[in-house]
Amino acid sequence: MTAHTSTRTHTTSTTGQTGPRPRWLTYPEAAELCTLSVRSLKRLTTAGKLRCYVVGGKVLRLKASDVEALIVPADQCRGW
């Protein structure tokens with residue numbers, strides 16, 4: 001008997017894109033990552049400056065890459 005091995009490719013996007021899956025964070029996890037409070041992150045979400053995603057119709061998650069994009073060098077900020 002011969003052993004049968006199969007490889008499966010997994011795509012998670014409906015647009016046909018392949019690549020690494022986004023890392024999803026809860027608000028407390030995101031707050032720890034960027035050293036902001038949960039309340040500040042929710043304010044940024046409400047203001048439209050940080051995208052928030054609904055998972056399962058109820059649970060809110062943030063993309064780690066979106067949270068990391070909040071962190072910029074001081075000389076690129078307004079007023080510096």
Side-chain angles (χ1 to χ4, degrees):
M1 294 179 105
T2 55
H4 178 68
T5 13
S6 66
T7 32
R8 297 173 74 189
T9 55
H10 183 69
T11 56
T12 57
S13 174
T14 57
T15 59
Q17 295 175 340
T18 58
R21 287 183 177 187
R23 192 168 126 226
W24 298 106
L25 303 172
T26 62
Y27 273 94
E29 291 169 338
E32 187 174 327
L33 175 66
C34 68
T35 66
L36 291 174
S37 67
V38 170
R39 188 173 180 178
S40 292
L41 290 172
K42 288 187 177 186
R43 283 186 190 134
L44 289 169
T45 301
T46 302
K49 296 180 180 183
L50 178 64
R51 292 190 74 179
C52 177
Y53 299 84
V54 178
V55 179
K58 195 172 185 178
V59 181
L60 300 177
R61 292 289 185 258
L62 303 169
K63 252 192 221 180
S65 59
D66 291 345
V67 174
E68 290 167 347
L70 294 172
I71 304 167
V72 296
D75 61 347
Q76 292 180 11
C77 294
R78 291 182 296 170
W80 285 85

(request) For residues 48-68, pull every pair meeting side-chain hydrogen bond (donor to acceptor under 3.5 Å, both in side chains), keeping only residues two or more places apart or in separate chains. (result)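 Passing the test, one end in residues 48-68: no pairs.
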
(request) List, by chain and then residue number, the residues other than Leu60 in its hydrophobic cluster (Ile/Leu/Val/Met/Phe/Trp/Tyr, side-chain heavy atoms under 4.5 Å); write none if there are no others. (result) Leu25, Tyr27, Leu33, Leu36, Val38, Leu41, Leu44, Leu50, Val54, Leu62, Val67, Leu70

(request) Looking only at non-hydrogen atoms, find the nearest pair between Ser37 and Ala31 and report the distance. (result)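 Result for this residue pair: C-CB, 4.0 Å.
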
(request) Would you mind listing every ring pair (Phe, Tyr, Trp, His ring centres under 6.0 Å) that reaches into residues 32-51, with sequence neighbours excluded? (result) none

(request) Check side chain to side chain donor-acceptor pair (under 3.5 Å) between Glu29 and all other residues, then give those that pass, not counting sequence neighbours. (result)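 Counting only residues at least two positions away or on another chain, Glu29 forms a side chain to side chain donor-acceptor pair (under 3.5 Å) with Thr26.
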
